[in-house]
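What follows is one structure encoded as structure tokens, with my remarks underneath.
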Amino acid sequence: MSASEFGQQFVNALGLGSIYALVAIGLAMVFGILRLINFAHGEVLMLGAFAAYYFAAAGLPFLVVVLLAVLTTVAIGLLMERVAYRGIRGAPDVALLLTSLAVSIALQNGALLAFDAQPKPFPTPAAIQEQLTVGGIQISVTNLVTVGVALLLMALLTLFVTRTRLGTAMRATAENAMAAQLMGINLSTVIVAAFAIGSALAAVAGILWGARVGRIEPLMGFIPVLKAFVATVIGGFGSIPGAVVGAYLLGFGEIYLVALLPGELSGYRDAFVFAALIVILLFRPQGILGSSEPEKI
Amino acid sequence: MNGRKDAGQTQGPLRDGGPGSPAPPLLAVEEIRVYYGAIQAVRGVSLDVRERELVALLGSNGAGKTTTLRTISGLFRPRSGKITYDGADLTKLAPHRIVAAGISQSPEGRQIFGSLTVRENLLLGATPRKDRKGLGGDLERVFDLFPVLKERLAQAGGTLSGGEQQMLAMGRALMARPRLLLLDEPSLGLAPLMVRRIFEVVSRLKAEGVTILLVEQNARKALEVADRAYVLETGTVVLSGTGLELAANPEVERAYLGA
Ligand SMILES: Nc1ncnc2c1ncn2[C@@H]1O[C@H](COP(=O)(O)OP(=O)(O)OP(=O)(O)O)[C@@H](O)[C@H]1O
Ligand SMILES: [Mg+2]
């Protein structure tokens, strides 16, 4: 790999890792508070991308499109919490997992009916599609925007969880939900906040994914959510910083693996990712960054 | 099994004892039954706590003390029975509403938020409070009771010693400005000096007018400070009376005071 190719892939990997991170944060947040692995989070991402598609088709300016798509997606995420998850709070982990798979499949099929299986070209603004050349390295503006947006949102999120009362209540609940309730924290408020934040980040991730890939389709949420799941496992499930680190590790691993593998093997990149997951889980079931504290009861 | 149940504890208008106490109790737990799945952990417990009283709840391991306190806090729902507080039915309220109503708890095992600072832990205790301006004064009151917490404010809760964590758990519960304070084994696992400090604070809180329901395995100490006490065995109240009465009771002496 030449130096310029390496540099190009570096930015590419940062971009991919950033999207995984935005998705993984939502997964980790909801898991931390509810012990729920929300596979339907991928469909939230997909719906965010489609919302943007339709708002853009209405001829609105792109920033307005993003804002409306985020708001729509948050509403969908909250509806999902209310309808599918509130009634089974505290149920066994397996029941939670199966419910989230069911919600995921239902949303996929609903989207196939509503939007058609045919991929749609994503209306990325032309300014973001350009390529810059810096010191002989070609850099896509999409990747730069992706990284910038992700870092900005993560910085805001950090401020929120460390500086606000609701954010502190969320951290407390993730650490010990029973004690949090004894403090007078309303569990529902915290859960709703986690779904709202996670859905907003997923909507942004869906839009960035659309810009990256160039098209969107109803099953597009599956791969990002699986990758985000792997990232959270690497990071120790439920830890938000862990999930972010895991996401970037995964982004880099994936991009360089593809760059280094002979062409005929690069189609198996996802197989390599999941093989890596199995190896990690075999040797460090608590994740690479997770502490080995026993399972919460 | 309930043959020894104090006659004064049966239902009816005489429940609150004889003359001189016409006021209804602040907390009345009536015949609650609580299950973990198919296992019945609390089998029809009734108890009262009157305003400004310090009531101890004693009993050996697994008697159902913690389950009773958690049910009062709304973490578990009784399958039958009723809990009233200040005349209102609490039985179906969510835990955060029960805290807002004036009942806070320092739970068994302290349950400090280890990754949060001492300050954050304390302020979380004030979650239901509307009067945010009063918080500074309340922090000072907690530091007055537990001066060491002031030095630890910026430290993560998980780095405190066991005794300091217990103080934090109690301080945090006080930040809600409770009318009724539930303490679950505040002296468990602490060195004798620390146990004494904790009991001093309990007495001081009582003197300041806080109503307290205290769960303890240290029956001797608990009976010294308590106005009244209940003894729980396998999920039922088997004895009750004033602290002095129970301390003099040969059965209590044998089973809990280790004579
Ligand atoms: N989560 C649970 N699941 C099933 N059974 C439980 C659970 N928690 C407690 N129990 C059982 O319920 C009964 C009462 O337990 P509880 O913790 O209320 O007792 P306790 O009086 O507080 O005991 P200790 O002095 O050990 O704290 C015990 O038999 C216990 O084994
Ligand atoms: Mg107990």
Side-chain angles (χ1 to χ4, degrees), chain A residues 28-29 31-34 82 86-87 89-95 158-193 235-243 286 289-294 296-297, chain B residues 36-37 66 69-77 93-117 119-130 132 135 156-158 165 168-178 181-184:
Chain A
M29 215 175 222
F31 182 82
I33 291 166
L34 275 182
R82 188 70 252 259
R86 188 165 298 190
R89 251 182 229 171
D93 291 357
V94 182
T158 306
L159 282 179
F160 171 76
V161 298
T162 54
R163 300 289 166 83
T164 68
R165 288 177 61 205
L166 180 55
T168 307
M170 291 177 78
R171 282 185 292 141
T173 308
E175 185 175 325
N176 184 340
M178 188 187 73
Q181 286 176 283
L182 290 178
M183 298 300 102
I185 292 169
N186 182 349
L187 209 54
S188 293
T189 307
V190 166
I191 292 168
V192 162
F237 228 102
S239 150
I240 293 173
Q286 71 275 36
L289 303 165
S291 60
S292 52
E293 70 180 278
K296 275 193 206 166
I297 309 164
Chain B
Y36 294 105
T66 297
L69 281 205
R70 289 186 180 170
T71 306
I72 295 170
S73 281
L75 294 169
F76 301 135
R77 246 178 237 323
L93 281 193
H96 69 276
R97 298 218 182 277
I98 292 175
V99 183
I103 303 179
S104 71
Q105 179 175 162
S106 163
E108 182 177 72
R110 295 145 204 158
Q111 317 276 347
I112 291 306
F113 301 109
S115 67
L116 273 56
T117 64
R119 175 190 293 277
E120 286 172 329
N121 270 282
L122 287 172
L123 290 177
L124 277 171
T127 300
R129 295 269 305 277
K130 298 278 177 285
R132 310 300 300 173
L135 290 188
Q165 291 199 3
L168 179 54
M170 288 172 68
R172 194 174 65 168
L174 288 172
M175 288 299 290
R177 274 215 200 152
L181 178 64
L182 310 176
L183 298 174
D184 198 344

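Order of the sequence lines fixes the chain letters, A, B, ..., with proteins taken first and strands second; residue numbering starts at 1 for each chain.
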A:E175 side chain vs B:S115 backbone, donor-acceptor pair below 3.5 Å: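 Side chain of A:E175 to backbone of B:S115: a pair is present.
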Given the options B:E120, B:R110, B:R97, which has more heavy-atom pairs under 4.5 Å with chain A than any of the others? B:E120
If you tally heavy-atom pairs under 4.5 Å against chain A, which of B:I112, B:L123, B:L116 wins?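 Greatest number of close heavy-atom pairs with chain A: B:L116.
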Might you confirm whether atom CZ of B:R129 has over 12 heavy atoms from other residues, nucleotides or ligands at distances under 6.0 Å? yes
More than 12 foreign heavy atoms under 6.0 Å from CZ of A:R163: is that the case here?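 Open: at most 12 neighbouring heavy atoms sit under 6.0 Å from CZ of A:R163.
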Kindly write out the residues that satisfy salt bridge (Lys or Arg N to Asp or Glu O under 4.0 Å) with A:R82, not counting sequence neighbours, or none if the list is empty.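 Not a single residue meets the salt bridge (Lys or Arg N to Asp or Glu O under 4.0 Å) criterion with A:R82.
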For residues 179-186 of chain A, give me every residue with a non-hydrogen atom less than 4.5 Å from any non-hydrogen atom of chain B.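 Listed by number: A:A179, A:A180, A:Q181, A:L182, A:M183, A:G184, A:I185, A:N186.
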Where does A:S188 contact chain B at under 4.5 Å (heavy atoms): side chain, backbone, both or neither? neither
